[in-house]
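As structure tokens, the structure follows; a few thoughts come after it.
Remember, it's a predicted structure, so these values are computed and weren't measured experimentally.
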Amino acid sequence: MKMKTLVLALGMSLAFQVASANNVRSVDNIVAVVESEVITQRELDQAVAHTRSQMPRGKQVSEQELQRQTLMQLVNQSLLVQAGRRNNIQVPDAEVEAEIARIAASRRQSVAQFEAAQARFGIDKTALRRQVRDSMIAQRVQQGQTAGEAKVSEDEINAAIARARAQGITLPQATPKTQYHAQHILIASQGERAQRLAQRLAQNAQRGADFSALARQYSQDGSAANGGDLGWLSEGETVPEFERAMRGLKPGQVSAPVHTQFGWHVIRLVEARTPNTPDARIRAGVHDAIAAQKTQAVMQGLLQQLHQNSFISIRMQ
């Protein structure tokens, strides 16, 4: 669970604040209303300035077009964040701080230096943390939507390689990511009862009960018929909470219950591998290309649905 994104991605272009309607000063013109939130001219100006600062040298985009593109990114961001909140997707403060530290490190800055750089765009520390949290919520909505849909099978990779070679097309290469063969049991509910059931199943599996049999009996995921088998998963293909737990396991180990936006998971790691042969680099490159295409298609469909079912008023001339 990458499209050249319809969302302002952290690390490349920081997501910008969308204010609530009762929090806008009258001196700040509203350029768009998205359901219960508004986007102000000040926020748009901040986003445009930040986007322009990240553009490659020599790239020419008119101010009008840049404003239009940036405003649509902010609208899409707001739709995804509001969808995440409706689905009770939350990001703890500690994860926000960790993400800020990661972004700062990627720019070879301390957190204080990064905060100072954002302040030059008019973004104070409070607004920065709100923006980072919103961007992380939007990313989790994206990951949750694409986790299953963007999965790439070995057969798809084989077929794509065969077609490319038949047509004389150069195949992409990538550094192979660690891959995890995992099983899981999903209890698709958020309540205490679901948590207790997941704890009981985890304890049974940890004591030696047949994990596949437990998955077939209790899992509420489509993989239940296959004993909860998810096949091979690459880094970034699952939601963050699931991936963190999976990466912390050794082959044969079973996790404690893991809570995500989908419910409660119990995870068993079957095997992990990090292939690094020339063939593996080609397969990794083809995998990423197919996954990116699938992700883009899924996200375009999701955003189209959100646009159709949401009140959006663009007021920018």
Side-chain angles (χ1 to χ4, degrees), residues 1-2 11 95 98-99 102 106 139-140 142-144 146-161 171-187 198-199 201-216 218-219 221-292 294-295:
M1 289 166 216
K2 278 185 179 137
E95 293 186 28
E99 181 65 7
R102 186 196 67 76
S106 73
Q139 287 177 339
R140 291 184 183 188
Q142 175 178 328
Q143 289 167 329
T146 61
E149 301 293 334
K151 196 170 182 336
V152 181
S153 71
E154 295 295 306
D155 287 344
E156 287 177 295
I157 295 172
N158 292 337
I161 291 174
L171 289 161
Q173 295 191 40
T175 302
K177 300 173 184 176
T178 301
Q179 298 173 321
Y180 302 89
H181 181 190
Q183 297 170 273
H184 85 142
I185 299 167
L186 171 65
I187 308 303
Q199 286 173 335
L201 294 172
Q203 289 167 356
N204 288 348
Q206 288 164 352
R207 290 169 183 159
D210 186 301
F211 193 95
S212 297
L214 291 174
R216 280 190 286 270
Y218 292 101
S219 184
D221 182 66
S223 63
N226 294 323
D229 196 330
L230 297 172
W232 286 99
L233 301 168
S234 294
E235 293 176 2
E237 285 190 355
T238 63
V239 292
E241 303 90 339
F242 189 103
E243 181 166 310
R244 277 196 300 271
M246 179 176 65
R247 292 173 66 176
L249 297 173
K250 295 179 180 178
Q253 280 189 326
V254 175
S255 72
V258 178
H259 184 242
T260 76
Q261 66 213 62
F262 302 108
W264 290 92
H265 306 257
V266 179
I267 306 165
R268 178 176 181 269
L269 181 63
V270 180
E271 186 182 354
R273 66 186 183 191
T274 309
N276 198 25
T277 63
D279 181 64
R281 287 192 288 274
I282 289 173
R283 295 185 71 83
V286 172
H287 171 281
D288 291 351
I290 297 172
K294 288 188 173 186
T295 298

* Structure fact -> All heavy atoms of Gly228 vs all of Ala215, minimum pair found to be N-CB, 3.6 Å

* Structure fact -> Nearest heavy-atom approach of Leu214 to Ala209 is CD1-CB, 4.0 Å

* Structure fact -> For Ala224, the side-chain contact (heavy atoms from CB on, under 4.5 Å) test, sequence neighbours excluded, returns Ser219

* Asked: Is Tyr180 close to Leu249 at the side-chain level, that is, under 4.5 Å between some pair of heavy atoms?
  -> no

* To do: Considering non-hydrogen atoms only, spot the tightest contact between Ala202 and Ser255 and give its length.
  => CB-O, 3.6 Å

* Asked: So do Gln199 and Val266 actually touch side chain to side chain, heavy atoms under 4.5 Å?
  -> no

* Could you check whether the rings of His265 and Phe242 sit parallel, tilted or perpendicular, using 30° and 60° as the cut-offs? => perpendicular

* **Partner residues of Glu241 under the side chain to side chain donor-acceptor pair (under 3.5 Å) criterion, sequence neighbours left out** => Arg140

* To do: Mind checking the CG-CD spacing from Asp279 to Gln173? Nearest 0.5 Å is all I need.
  => 10.0 Å

* Assess the side chains of Asn158 and Arg283: does a donor N or O sit below 3.5 Å from an acceptor N or O? => yes

* Asked: Taking side chain as C-beta onward, heavy atoms only, is Val286 less than 4.5 Å from Leu171?
  -> yes

* To do: Please examine the side chains of Val254 and Phe211, heavy atoms only from C-beta on, and report whether any two atoms are closer than 4.5 Å.
  => yes

* **Nearest-0.5 Å distance, OH of residue Tyr218 to CG of residue Asn204** => 7.5 Å

* Taking only residues two or more places apart in sequence or in another chain, which ones pass side chain to side chain donor-acceptor pair (under 3.5 Å) with Asp210? -> none

* Asked: Given the rule in the salt bridge (charged side-chain N to carboxylate O under 4.0 Å, His left out) test, do Glu95 and Arg102 qualify, once you have shown the distances and angles that lead to the verdict?
  -> CA-CA 10 Å; Glu95 293 186 28; Arg102 186 196 67 76; over 6 Å; no

* Side-chain heavy atoms of Thr238 within contact of Leu230, under 4.5 Å -> no

* For His287, what residues pass the ring pair (Phe, Tyr, Trp, His ring centres under 6.0 Å) criterion, not counting sequence neighbours? -> none

* Grab the two heavy atoms, one from Gly248 and one from Gln253, that are nearest each other, plus how far apart they are. => O-OE1, 4.1 Å

Side-chain donor-acceptor distances from residues 267-276 under 3.5 Å, at least two apart:
| unit_1 | atom_1 | unit_2 | atom_2 | d |
| --- | --- | --- | --- | --- |
| Arg268 | NH1 | Gln183 | OE1 | 2.8 |
| Arg273 | NE | Gln179 | OE1 | 2.6 |
| Arg273 | NH2 | Gln179 | OE1 | 3.1 |
| Thr274 | OG1 | Thr178 | OG1 | 2.9 |
| Asn276 | OD1 | Arg281 | NH1 | 3.4 |

* To do: To the nearest 0.5 angstrom, please state how far the OG atom of Ser212 sits from the CG atom of Asn226.
  => 9.5 Å

* Structure fact -> To the nearest 0.5 Å, atom CG of Asp229 lies from atom CZ of Arg216 at 10.5 Å

* Spacing of OG1 belonging to Thr295 relative to CD1 belonging to Ile290, to within rounding of 0.5 Å -> 11.5 Å

* **Separation of Leu233 CG from Lys177 NZ (nearest 0.5 Å)** => 12.0 Å

* To do: Not counting sequence neighbours, which residues clear side chain to side chain donor-acceptor pair (under 3.5 Å) with Asp221? List them please.
  => His184, Ser223

